[in-house]
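As the structure is a prediction and not an experimental result, all values here were calculated from the model.
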Amino acid sequence: MPRRDGGACGARLRHRGPVVTPRAAALEDTAARAPSGVRIRVRVINVSGITGLARRTTQHLREYGFDVVDFGSGPKERASATRIAVHTGHDAWATRVRKAMGVGEIVISPDSSRYADLTVFVGSDWRAPTETLRP
């Protein structure tokens, strides 16, 4: 005869709220998101040699509220380390991008004529999230 409480030895499992995945928890981290009301223009360049990594990085950063204005592939030579170049003097913004990505060396590269505040040179050390970004 089946048990009425559905559990073994009389134990009941109770659902105490929504299941939070590591990715969802990271998206809630305000230190990894673009500040509310601030437009941070980011350019993404794939220097890893891994096909499609610039596009996946773009999607990832947009999930965190960054305004990716351009993405593409860089030179043929490959880089293993991700670099985040700061063009407009906002080092704190680069720190937010690094926190959102989990990797990246921040370098200062002043250039007031650039249309982007930051350029992310995505190396092979960054891995796209395993969860799907869009249904």
Is Arg127 reaching over with its side chain to a backbone N or O of Ser124, donor-acceptor style, under 3.5 angstrom? yes

Remaining members of Val47's ILVMFWY cluster at a side-chain heavy-atom cut-off under 4.5 Å? Ile45, Phe121

Going by side chain to side chain donor-acceptor pair (under 3.5 Å), name the residues that satisfy it together with Ser73, two or more places apart in sequence or in a different chain. none

Between Trp126 and Met101 the two heavy atoms that sit nearest each other are NE1-O, 3.0 Å

Inter- and intrachain pairs under side chain to side chain donor-acceptor pair (under 3.5 Å), touching residues 88-102, at least two apart: Asp29-Lys99, Thr88-His90, Thr88-Asp117

Identify, with sequence neighbours excluded, every residue that meets side chain to side chain donor-acceptor pair (under 3.5 Å) alongside Arg39. Asp67

Under the rule for side chain to side chain donor-acceptor pair (under 3.5 Å), what residues qualify as partners of Arg43, not counting sequence neighbours? Asp70

Just so I know, are the side chains of Thr57 and Asn46 near enough to count as touching, which here means a heavy-atom distance under 4.5 Å? no

Any link between Val107 and Val122 through a network of hydrophobic side chains (Ile, Leu, Val, Met, Phe, Trp, Tyr) touching at under 4.5 Å? no

Any side-chain heavy atom of Leu53 within less than 4.5 Å of one from Thr51? no

Identify, with sequence neighbours excluded, every residue that meets side chain to side chain donor-acceptor pair (under 3.5 Å) alongside Thr58. none

Please determine, by modelled atom types, if Asp125 and Ser80 share a side-chain donor-acceptor pair under 3.5 angstrom. no

Treating Arg62 as the side-chain partner and Val68 as the backbone partner, does any N or O pair qualify as donor plus acceptor under 3.5 Å? yes

Within the side chain of His87, is there an N or O that forms a donor-acceptor pair under 3.5 Å with the backbone of Ser109? yes

